[in-house]
Amino acid sequence: MILSHHKTNIAILTFLHVRLPLRVAYIVAATASLLLINPCFSQNTPASVTVQTSDSKDLLVAPPAISSELSSGSNPAKAASLFAPVTSKDTPKIYTKGTPSGPSDMDLRQLWLELKLNNPQLSSLRESYLSAKATVPQINAPANPQVGLVWSGMPPGSPFALGGANAPSQQNPGGISSNNSISIAQPFQFPGKKSLASDIANTNAEALLAQSESTYLQLGAQLSTLYYNALASQKQLQALKESVMRLEMIKNVARARYSNNAAAYVEYLNAQVSQSAAQADQFNVERQLQVSLNNINTLVGRHSRERLVLRGDVSRAINNVPTLLELEDYAESSHPSLKSSALQLEAARKGVDLAKKAYLPDFQVIGSSFTPRGPFASNNGTMFYQLELDLVIPLYFFTKEKYGVEQAQRNQAAAEAGNISNRQQIVLAVNSAYAAFEQAKNQNQFLRDRQVPQADAAYKVALTQYSNNGQGFNDLLTAQTQLRALEVQLAFAQSNLLQAQTVLLATAGKEPF
């Protein structure tokens, strides 16, 4: 009687599983399984029960397939296969392919070279420098000569004779004047003025070049930050991929324990939810990586949608960074911004000397020739020549010259104060960048040497205990989550360290190579 009731339950279960929806069939199956494990049926022969599920293994509404072969231990190879990691087909693409338009497989050094050659801002600064250099020969060139043609007489009775003007008289039978002249005037500045002015223009042009070099270092530091952020995103994607594989192993363990009635099905569901969350994080990181690549393309003068492959590793050894004192000395002697301010100060001092030369007179030489004939008539008279030397004297009590010297002196004082301020700011920036570098270095070392190994050990212990029919599924998920979080933190800590190193060297005026 009891055995017949048992078989009837199995038949009802099979019928309900075929006819009812999947969720209802699962509820009935769970109820029937509670009846089957009742002690009053323990002496009966265990029946073979198979719960059919849909083809998708990711549906949360269906339990995993259970076979009596696993419970009896007759197929250990199949049971062991549950612990094998499953390779996901949705592995995120860390790198992108290049395009035929140009080299797209680049490391940091190549990116800096592309930045120097193709960045629009740097190109604008270079053109401004070349434009300033082109003014130097213009200032140093002699002043343009002046050529004059004078026709001093009008034909008698012409409308331009203004009545009786130029009319013949007894004293002047040919009119008042019929002389004509050709003159050439050449102005000259006092010796030393033009050379000093061209020297000032050349110094200002070199200051623009130093400013462009300083801007290049700033843009290079920004480029390095984007580069290492992109590499950190790639490392984060790798860590998330490994986390997905670990969660797949946890799912397999939970499935095997559930098949042996050693764990609740909710543990399998929780592992599946955690795996889906890790895969969702992959999509977000992929988007961040693409944004970083677009920004890098724009910064180096390429189209933002061109494909770019970054070569490098955030876990590479850190270069030997000089001491703080060495970096300060280098910055004070070689930083492009300080070179620019020093050149501006030199130009301001030369400007004072040029302003003082304004008290000295300028010259003008005029050569003229006169002839008593019309400009288009034949030679009917004697030619006369004249040489004239003019002095341009600064008059009016030297008012313009005095205030010009005062203006130049004020500019020199402002340039001196700006040079001192710029030097102080550079040294302070080097100190701040060095402190940030030391902090990033300590954080990276702490994560790499202590926290990540401890989290990895905790995860392995929790997985071993749970696999050996121990308790602590929540502890296993927590250990896996902490390991993934610390691996991501380590990737960004390595990236932050390399960024801090690049910013430190750029702040001191050096390229990170």
Side-chain angles (χ1 to χ4, degrees), residues 2-3 5-14 16-18 22-87 243-276 458-481 483:
I2 295 178
L3 182 58
H5 180 69
H6 186 185
K7 293 181 179 179
T8 303
N9 286 336
I10 296 176
I12 293 175
L13 172 60
T14 306
L16 288 177
H17 178 72
V18 173
L22 184 59
R23 183 174 298 178
V24 178
Y26 169 64
I27 297 174
V28 176
T31 306
S33 62
L34 292 177
L35 295 175
L36 291 176
I37 62 175
N38 193 288
C40 63
F41 304 105
S42 59
Q43 50 184 322
N44 297 316
T45 304
S48 176
V49 179
T50 302
V51 179
Q52 302 290 334
T53 61
S54 61
D55 294 337
S56 175
K57 297 192 294 182
D58 295 331
L59 292 178
L60 300 181
V61 296
I66 303 175
S67 177
S68 60
E69 297 177 356
L70 294 177
S71 58
S72 61
S74 60
N75 194 351
K78 187 173 181 181
S81 64
L82 295 176
F83 296 91
V86 177
T87 303
S243 177
V244 169
M245 296 177 64
R246 287 196 299 264
L247 288 168
E248 185 68 27
M249 294 180 63
I250 295 176
K251 282 174 52 180
N252 293 335
V253 173
R255 179 188 302 173
R257 293 195 59 187
Y258 174 69
S259 65
N260 292 324
N261 296 326
Y265 179 60
V266 69
E267 296 179 356
Y268 173 82
L269 295 180
N270 288 334
Q272 197 171 38
V273 170
S274 298
Q275 187 181 40
S276 300
Y459 164 73
K460 291 178 180 179
V461 170
L463 180 61
T464 302
Q465 291 179 351
Y466 184 72
S467 301
N468 294 330
N469 294 327
Q471 299 300 322
F473 177 78
N474 293 332
D475 295 338
L476 176 58
L477 283 184
T478 301
Q480 195 281 140
T481 303
L483 177 58

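The shown structure was predicted, so the numbers you read here are calculated from the model rather than taken from an experiment.
Applying the side chain to side chain contact (heavy atoms under 4.5 Å, CB included) test between E248 and each of N252, V244, I250 identifies N252 as the sole match.
Taking OH of Y459 as the reference point, atom OG of S243 lies at 8.5 Å (rounded to 0.5 Å). How far OG1 of T481 is from CG of L476: 9.0 Å, rounded to the nearest 0.5 Å. In this structure, NZ in K460 is found 13.5 Å from CD in Q480, a value given to the nearest 0.5 Å.
The two atoms that bring K251 and A271 nearest to each other are CG-CB, 3.6 Å, heavy atoms only. Across all their heavy atoms, Y268 and R255 have their closest contact at OH-NH2, 3.6 Å.
Between M249 and V253, every side-chain heavy-atom pair lies at or beyond the 4.5 Å cut-off. At a threshold of 4.5 Å between non-hydrogen side-chain atoms, the residues L477 and Y466 do not count as touching.
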* Test log, rule side-chain contact (heavy atoms from CB on, under 4.5 Å), inputs L483 and R246 -> CA-CA 11 Å; L483 177 58; R246 287 196 299 264; 3.7 Å; yes
